[in-house]
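The next block holds one structure in the form of structure tokens; read it before the comments.
Labels below follow one simple rule: chain letters A, B, ... track the order of the sequence lines, proteins then strands, and each chain is numbered from 1. Values below: every heavy atom of this structure, side chains too, minus hydrogens, waters and symmetry copies.
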Protein chains: 2
Amino acid sequence: MVRKPATLKDVAALANVSRATAARALNSYGYVGDETAQKVQAAAEQLGYRGNRLAQALRNGQLPIVGCILGDIQNPFFARIAHDIEVLARERGHNLVIGSSEEELAQEISLLASLQSLSIRGFIVAPTSADNNAHLQGLIAENVPLVLIDRVAEGVDCDNVLVDNEGGARKAVEYLIAMGHRHIGLLQDDMRIFTSRERMSGYQAALAAAGIAPDDRMVSVSQSTVEHAVDATIRLFSQKSPPTALFTVDSLMTQGALLAFRSMGISIPHDVSLIGFDDFNLATFTDPQITVVSQPVSEIGRAAARLLFDRLSGKNEPPQKIRFETKLIVRGSVSRRSDG
Amino acid sequence: MVRKPATLKDVAALANVSRATAARALNSYGYVGDETAQKVQAAAEQLGYRGNRLAQALRNGQLPIVGCILGDIQNPFFARIAHDIEVLARERGHNLVIGSSEEELAQEISLLASLQSLSIRGFIVAPTSADNNAHLQGLIAENVPLVLIDRVAEGVDCDNVLVDNEGGARKAVEYLIAMGHRHIGLLQDDMRIFTSRERMSGYQAALAAAGIAPDDRMVSVSQSTVEHAVDATIRLFSQKSPPTALFTVDSLMTQGALLAFRSMGISIPHDVSLIGFDDFNLATFTDPQITVVSQPVSEIGRAAARLLFDRLSGKNEPPQKIRFETKLIVRGSVSRRSDG
DNA sequence: AATAGATGTGAGATCGATCTCACATCGTCT
DNA sequence: AGACGATGTGAGATCGATCTCACATCTATT
């Protein structure tokens, strides 16, 4: 036999009052007699009444849910952020809807549309594309709070939380150059992705500053998964004159590169030096330990959620841009080189 | 200026028809004249009409959202599962709400309640506790589809997807015993958690079969995070007579153990042998590579989502129990021992 | 020609909670 | 005594989409 959840009407009937009074008693607003209030409470308890958030949301226009559209929750970077957002959302009585764009603009757009029609209260998005973002501008136009993380979208004027990608990448590549490397590979994500662009631009800036001509053959593009990165690394290092050092733009790719090197019998740092963007759990357990550019992952989700909830509670200041520093953590995966 | 999303009423007004007709045209049911239908379509387009899923859900009783309550999305195991569920849900036009129980029963209960009041269509839950599950039984009583993953809850008769935890653990420990180990440590999660119980019971069964008396000092309990596992490992191996081998019940704990061993100057497999439950990306990159019990993670989320959507599409068969095998993957983290 | 059926449309109820408004019934103050 | 404010309650509108029902037309069939 199927029990149906109790409605306010049921509670009101049981307590012998009108729906209006029942609502007043349960939400404690307006005038309600003590005795009546208790009768209603008792009735609600007895029926196991838990309002219908759908109806409430329809009435007041907003569903206490935060939408979160990320690249891929399997990336520990995003997983951490999603987790932190969920924790803060929970504290504020909100739930979290998660969608993976899988770095597809079309998917991001359709996800966003489907969430928008849920009258969700606000969004935290890591936009796939830096340029095509009419959908995000649409949010702003409808006054739906939006916080961008990890990436920027042109023409979308809203809060965002970033890290210093370009600086981090430049530091890494400068370090490789200082260690004598001239053929520095770049294992990067799709160029539509903001972080990928910025990190590449840091890479290029460092090369340019050292007077090293850019070389397309030094650059390999891959989706951000371990498996794809393995392939991309193999492609890169199967050339006649492969790089002597590699910079990878995220931790999954770093791990992919490591696995690829192992399978190719390439030893780090003897044959190839490696620096990865974004630290990871086992970076210190590999032998050698992996030198990385670290970003304060644990801050990003929290900062974004805080910005979003500030907006939700009515704060109406101009958009804030939070930018975290990145840090080069030198470990053992880079060796000195003295060729050309 | 704030644009409000267009409603059906707006569309109807613009097309000069009634709401009923507009609805018919947009959802193509009932009789609508060709010309009228086109007028409505045009009006909808012009206004950028996208129904209000809240109102639709209120009307027909269900919101096309799947709720997913896991231990912690930061665990790659759960992240993978969440990802796979999200993909399948998206294909079916559903969104995914994610909540972390953080292995707290109270949080699981309150999350579930808050999601239930959203009239969500179905749930996939990795229950924190094997015993206290009135909340889950409540779902069943209200006929809300529920699929349990990774764990079982007593008295809750519904679809579930598990792996052979006990068998996997036993295989691991039997292997350690066969390699001459008698003092085998267990780094496990909270005993309320089903997988932890089962894996422990596999551990105990293997010891018993070999005539080795269980020893509480060989067991350390930790939350399933890298950090906690580091501490727990250090505690375990700071004893006067520490284990000669360690079995860890999940990959985060395995990684924690690795980091702990490094910090304590304990070398694997020379000083201590190690087997972890659940494979992980870099298990083959460490030196030595880590021997693990692997489970088909990529199957679990998909299987669970499939079961759930079968229910949602009305399938009314008795609950299915899917159980995947686990496999011992021997790599290099176990060495032969010939003491007592 | 009459009637059954097909086709097309609108009015209004419904989902569940909330909120405004109107209407009581008190007590208290001049 | 009259009046005003405080207190308590209910009827009904509202949020947006859907669906039933009733009412038109129009076609085809006997």
Side-chain angles (χ1 to χ4, degrees), chain A residues 2-41 43-44 47-64 93 113-114 116-121 142, chain B residues 2-41 43-44 47-64 93 113-114 116-121 142:
Chain A
V2 182
R3 229 184 309 155
K4 279 254 157 291
T7 72
L8 185 63
K9 208 164 104 186
D10 302 332
V11 174
L14 182 57
N16 254 318
V17 296
S18 69
R19 282 150 44 249
T21 301
R24 273 189 283 255
L26 293 173
N27 304 317
S28 35
Y29 73 92
Y31 293 109
V32 198
D34 284 356
E35 204 176 330
T36 317
Q38 284 179 12
K39 255 194 321 189
V40 174
Q41 293 290 357
L47 296 174
Y49 174 75
R50 340 162 272 264
N52 178 328
R53 286 169 68 197
L54 236 49
Q56 294 168 336
L58 176 61
R59 185 68 227 276
N60 72 37
Q62 283 186 330
L63 193 56
S114 92
Q116 253 188 290
S117 54
L118 280 179
S119 314
I120 273 182
R121 293 202 67 193
E142 291 190 9
Chain B
V2 182
R3 229 183 309 155
K4 280 255 157 292
T7 70
L8 185 63
K9 205 164 105 186
D10 302 332
V11 174
L14 182 59
N16 255 318
V17 296
S18 69
R19 285 150 41 248
T21 302
R24 273 188 284 254
L26 294 173
N27 304 318
S28 36
Y29 71 92
Y31 293 109
V32 199
D34 284 355
E35 203 176 330
T36 316
Q38 284 178 12
K39 258 194 317 187
V40 173
Q41 293 289 357
L47 295 175
Y49 173 76
R50 341 163 271 264
N52 178 329
R53 287 169 67 198
L54 234 48
Q56 294 168 335
L58 177 61
R59 184 69 226 279
N60 72 36
Q62 283 186 329
L63 193 55
S114 92
Q116 254 188 290
S117 54
L118 279 178
S119 314
I120 273 183
R121 292 202 67 195
E142 290 188 9

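- The side-chain heavy atoms of A:Ser114 and B:Arg53, taken from C-beta on, include a pair separated by under 4.5 Å.
- For B:Thr36, a side-chain nitrogen or oxygen approaches OP1 or OP2 of C:dT9 to under 4.0 Å.
- Nucleotides of DNA chain D nearest to B:Ala6 and A:Val32 differ in position, and the one nearer the 5' end is that of A:Val32.
- The side-chain heavy atoms of A:Gln41 and A:Leu26, taken from C-beta on, include a pair separated by under 4.5 Å.
- A distance-only check finds a donor-acceptor pair linking the side chain of A:Asn52 to the backbone of A:Leu54 [under 3.5 Å].
- Summarising the geometry, the separation between CG on B:Leu54 and C1' on C:dG16 is reported as 12 Å, rounded to the nearest angstrom.
- For A:Tyr29, whose side chain is taken as the heavy atoms from C-beta onward, the closest listed nucleotide among D:dT18, D:dT9, C:dC19 is C:dC19.
- The NZ atom of B:Lys9 sits 13 Å away from the P atom of C:dA11 (whole-angstrom rounding).
- A close approach under 4.0 Å does occur between a side-chain nitrogen or oxygen of A:Ser18 and OP1 or OP2 of D:dG10.
- Counting non-hydrogen atoms under 4.0 angstrom, A:Arg24 reaches a base of the nucleic acid.
- With DNA chain C read from its 5' end, the first of the two nearest nucleotides for B:Asn60 and B:Asp34 is the one closest to B:Asp34.
- A distance-only check finds no donor-acceptor pair linking the side chain of A:Arg19 to the backbone of A:Leu8 [under 3.5 Å].
- As rounded to whole Å, 7 Å separates atom P of C:dA17 from atom CD of A:Gln56.
- Within 4.0 Å (heavy atoms only), B:Asn27 reaches sugar-phosphate atoms of the nucleic acid but no base atom.
- Straight-line distance from the CG atom of B:Asp10 to the P atom of D:dC15: 11 Å, rounded to whole Å.
- Nearest to the side-chain atoms of B:Arg59 among the listed nucleotides C:dA17, D:dA11, C:dC15 stands C:dC15.
- A:Leu58 has its CG atom 14 Å from the C1' atom of C:dC19, to the nearest Å.
- The side chain of B:Tyr49 places an N or O atom within less than 4.0 Å of a non-bridging phosphate oxygen (OP1 or OP2) of D:dA17.
- Close to D:dG10, at under 4.0 Å from its OP1 or OP2, lies a side-chain N or O of A:Thr21.
- Under the side-chain contact (heavy atoms from CB on, under 4.5 Å) test applied with A:Val40, the options A:Val17, A:Val32, A:Leu14 reduce to a single match, A:Val17.
- Taking atom CD of residue A:Gln62 and atom C1' of nucleotide C:dA17, one finds them 16 Å apart after rounding to whole Å.
- Note: OH (B:Tyr31) to P (D:dT25) measures 18 Å, nearest angstrom.
- In this structure, CG of B:Leu63 is placed 17 Å from P of D:dG16, rounded to the nearest angstrom.
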